[in-house]
Amino acid sequence: MIRTSAPKFRVLLALTILAFGGVLWTGPAPAAAQSPDGVLKLLPIPERVAVRDGRFRIDDGLVIGGPGPASSRAFMAAARFMSRLAGRTGLFLKQDFLAAQSPPGEGGIRYAYERAGKLQPNEDESYALSVGMAKVTLTAKTDIGILRGLETLLQLLSADETGYYYPCVDIADKPRFTWRGLLIDVGRHFQPVDVIKRNLDAMAAVKMNVFHWHLTEDQGFRVESKVFPKLHRLGSDGMFYTQAQIRDVIDYAADRGIRVMPEFDIPGHSTSWFVAYPEFSSAPGAFGIERKFGVFGPAFNPADERIYPFFDAFLKEMSALFPDPYLHIGGDEVEGHQWDANPAIQAFKKKNGLADNAALQAYFNKRLLKILTKHGKKMVGWDEIFQPGLPTDIVIHSWRGQKALVEAAEKGYQGILSNGYYIDLSQTAEIHYLNDPLPSDSPLDDRQKGLILGGEATMWSELVTSETIDSRIWPRAAAIAERLWSPVSVNDVDDMYRRLGFVSIEIEELGLLHLKNPDMFLRRLSGGPRVKPLKVLAEAVEPLKNYQRHGQAVYTSLSPFTRFVDACAPESLPARAFRKKVDLFLAGKDPRLGADLERILAAWRDNHALVLPLVAGSPALREIEPLSLGLFRACEVGLEALSHLSKGEGRPASWAEERGQVLAEAAKPAAHAELAVVKAIAKMVEACAGSVK
Ligand code: ACM
């Protein structure tokens, strides 16, 4: 959560081969992933896939059928499936699938399951999918397995000169981890219900199954309380979810096989509560809703007996509202100054033998645990709640490192990993993808490994609005979804990126705005429709990473998040493709890449002249001139280096040094962003210099 103006606080931060017959795909090796006529693009990659010869043709006569009433989860998923399939193919499907879920006859897609799945950890999500030339069979233990299989089937859609088809395959699939979550922080920036729903749809598309709703923060109290209505009325600027909206979101998620776990972050990160109830804080009020970001002082007063009946009543209300068996109490980053400065709290600590603030927080957590247990909830909290004396039926959510998770598991606690999945850091999908909750060098034994439930991507929202949130989550979160679903042996980074590109486009049909909205931003900034040069520049630019943006301005929840940096993807896939090409070229793997690199560098260089008139016409764009100029100069250097490399000419060290200075200048942050291609160009310069004797 974080919070941070002090971002530093935040981030100190086999496939078993089954003899299905036919071509067997064991996952990570893309060459083996060839279907008879292309490459599968499944993400996450299933546990077992065998591709056979043959195609199941899709035309307007396609039917789908299975058991259960029209109100059943599987039936509604089948209806959505047909609608999405029609949308992708443009086919006027004849089946009135909303009225006749079990059409007569044998062909088409047939699904069957044994029972309704429960929305709780360790529920069976497995499925088996068999695509033959004449029919598709999807079977599962639970209807949730059917949902997962339908998403796989949508991803199998392929096309040839004849039309659409599914390649014939046999798939047997189940998740590696039972907890595959996405946290959305709606405290720092409120996210309306439609934003939440479209992200639930995208989660379901990549088989994620826990929506962690971070509902309270210093900057906002976002849930209606009928018992304590002052909380949302005074603590939210009017931006909160009604209980009817909460129930609607929970139902929507449940229809997609997704649990909704609420978080009420206490005892710190709680300023917005004290706007209504200053008497529960550890220092005298008044309090206002916090606008800045960071770790703030206000904290509940564990020594005040009045807070416990308050939490009892509040958590009773919330426990009834949220059906999930788990409730997250936060517990992170209690800054402690209010506790230290309060003589009554100091006396309380002494009287109760609480040696330090961690012990005081553990006392508070024990009291809360009793309350939660009474209301039928299991307690989850950030790794700060991992303190001696708490029973092992709480779940430790690790954000500061894998160490807490390991230590907790060694002591018998279940755990969830988010360290390494902080998608608000603007890091690459690759970094998140290679971060495993159970790395190969894990010191845990098999029983302890079983305590690691999975992980969650965390979308902290200091710098994120409802206009930008999709692009800050997707497609990178899909890489985390695969890490948590697919076998540990699935770790081919390039192949993940290949498939990520497909998923990114496919989830657009669900209303996700990650690809569309940047164009809208650029039109708004330029005040006109001609934004191509800005798009070209954005390809080479990424927002500053690792919370460095907070060092560029005092951001608050009221700041504009509509600038050029907000239109740039956290990870530019064209920039990544360029860097890969440079590496391959320099490794001598493919000399033809030289022409490709020349074309790209020339286009970026020439773009500067096209950006300048747009900048001249828009004060909001002035800040990007150094970025565009930097790209121009870096590309000039790159073209020069490329020319020498292509001719096999070496250059003296002084030449490389001068070029290096140009590149160092181009690499400097501007407009809260940076060029993502300069290091690759520097490698080209170094390669020239290295060839001189
Ligand atoms: C956190 O990022 N403070 C959980």
Side-chain angles (χ1 to χ4, degrees), residues 14-56 109-114 117 122-133 135-158 165-178 180 204-209 257 433 436-438 440 446 449-450 454 478-493 495-496 498-500 502-503:
L15 284 187
T16 311
I17 294 171
L18 253 215
F20 280 122
V23 183
L24 199 60
W25 177 30
T26 60
Q34 297 286 332
S35 70
D37 22 59
V39 179
L40 296 182
K41 50 188 176 57
L42 303 178
L43 192 161
I45 285 182
E47 190 179 53
R48 299 174 209 144
V49 182
V51 182
R52 289 187 271 105
D53 285 339
R55 295 170 187 189
F56 173 94
I109 304 167
R110 305 286 158 164
Y111 63 87
Y113 58 95
E114 293 171 17
N122 296 318
E123 179 53 294
D124 194 311
E125 299 176 79
S126 68
Y127 67 92
L129 178 65
S130 174
V131 179
M133 305 263 288
K135 81 172 181 187
V136 175
T137 309
L138 173 59
T139 55
K141 268 241 157 43
T142 68
D143 54 353
I144 297 174
I146 297 298
L147 267 51
R148 308 294 178 243
L150 287 172
E151 296 295 345
T152 299
L153 198 50
L154 277 163
Q155 291 183 349
L156 278 175
L157 182 67
S158 307
Y165 70 94
Y166 294 128
C168 289
V169 291
D170 287 298
I171 290 175
D173 199 11
K174 65 172 168 19
R176 179 170 167 228
F177 291 104
T178 192
R180 306 177 307 280
V206 293
K207 302 181 173 60
M208 292 175 114
N209 67 352
Y433 189 60
D436 198 305
L438 282 173
S440 54
D446 285 349
K449 284 182 178 165
I480 298 170
E482 173 155 296
R483 174 56 47 235
L484 298 173
W485 176 282
S486 300
V488 63
S489 57
V490 174
N491 53 23
D492 182 318
V493 170
D495 192 58
M496 178 274 289
R498 174 184 68 79
R499 292 174 289 111
L500 203 62
F502 291 110
V503 165

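Numbers here are sequence positions counted from 1. Since we're looking at a predicted model, the values are computed, not measured.
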Completion exercise
Those residues at least two apart in sequence (or on a different chain) that pass side chain to side chain contact (heavy atoms under 4.5 Å, CB included) with E123 are R115, K118, T142, I144

Practice task
Report yes or no: does N209 contribute a side-chain atom to a donor-acceptor pair with the main-chain N or O of T178 at less than 3.5 Å?
Solution key: yes

Fill in the blank from the handout: So CG of L157 and CZ of F502: to nearest 0.5 Å the spacing works out to 11.5 Å

Handout entry: Flag side-chain contact, heavy atom, 4.5 Å: Y127 against L150
Key = no

Problem - S130 and K135 side chains, donor-acceptor separation under 3.5 Å - result: no

Fill in the blank from the handout: In terms of heavy-atom contacts, P44 and A481 come closest through CB-O, 4.4 Å

Fill in the blank from the handout: Heavy-atom closest pair (A140 atom, S126 atom, distance to 0.1 Å) is CB-O, 3.4 Å

Fill in the blank from the handout: Heavy-atom nearest pair, L438 first then D436, reads N-OD1, 2.8 Å

Handout entry: Flag side-chain contact, heavy atom, 4.5 Å: V136 against L153
Key = yes

Handout entry: V51 side chain near V49 side chain, heavy-atom distance below 4.5 Å
Key = yes

Problem - Audit row: I146, T139, side-chain contact (heavy atoms from CB on, under 4.5 Å) steps and yes/no - result: CA-CA 7 Å; I146 297 298; T139 55; 5.8 Å; no

Problem - Any side-chain heavy-atom pair of K207 and T152 under 4.5 Å - result: yes

Handout entry: Beyond-backbone contact of V131 with D170, side-chain heavy atoms, under 4.5 angstrom
Key = no

Handout entry: Side-chain H-bond candidate by donor/acceptor type, Y111 with T137, under 3.5 Å
Key = no

Handout entry: Flag, side chain of R176 to backbone of E47, donor-acceptor distance under 3.5 Å
Key = no

Completion exercise
By side chain to side chain contact (heavy atoms under 4.5 Å, CB included), Y433 pairs with (sequence neighbours left out) A479, E482, R483, V490, V493, M496, R499

Practice task
Name all residues meeting the side chain to side chain donor-acceptor pair (under 3.5 Å) criterion together with D143; count only those two or more places apart in sequence or in a different chain, and write none if there are none.
Solution key: R73

Exercise for the section: Please identify each residue that fulfils salt bridge (Lys or Arg N to Asp or Glu O under 4.0 Å) with K41, with sequence neighbours left out. Expected result: E506

Fill in the blank from the handout: Residues C168 and D53: closest non-hydrogen pair is CB-O, 3.6 Å

Completion exercise
Of all heavy-atom pairs linking I45 and S486, the shortest is O-OG, 2.7 Å

Problem - Side-chain heavy-atom pair P437, F177 within 4.5 angstrom cut-off - result: yes

Handout entry: Residues that A205 engages under side chain to side chain contact (heavy atoms under 4.5 Å, CB included), provided they are two or more places apart
Key = R84, E151, I507, L510

Handout entry: side chain to side chain contact (heavy atoms under 4.5 Å, CB included) partners for P175, two or more places apart
Key = E125, R180, W485

Handout entry: Check ion pair D173-R148 (N to O, under 4.0 angstrom)
Key = no

Exercise for the section: Could you walk me through whether V503 and Q155 pass side-chain contact (heavy atoms from CB on, under 4.5 Å), step by step? Expected result: CA-CA 8 Å; V503 165; Q155 291 183 349; 4.1 Å; yes

Completion exercise
Correct closest heavy-atom pair for G149 and L138 would be CA-CD1, 3.8 Å

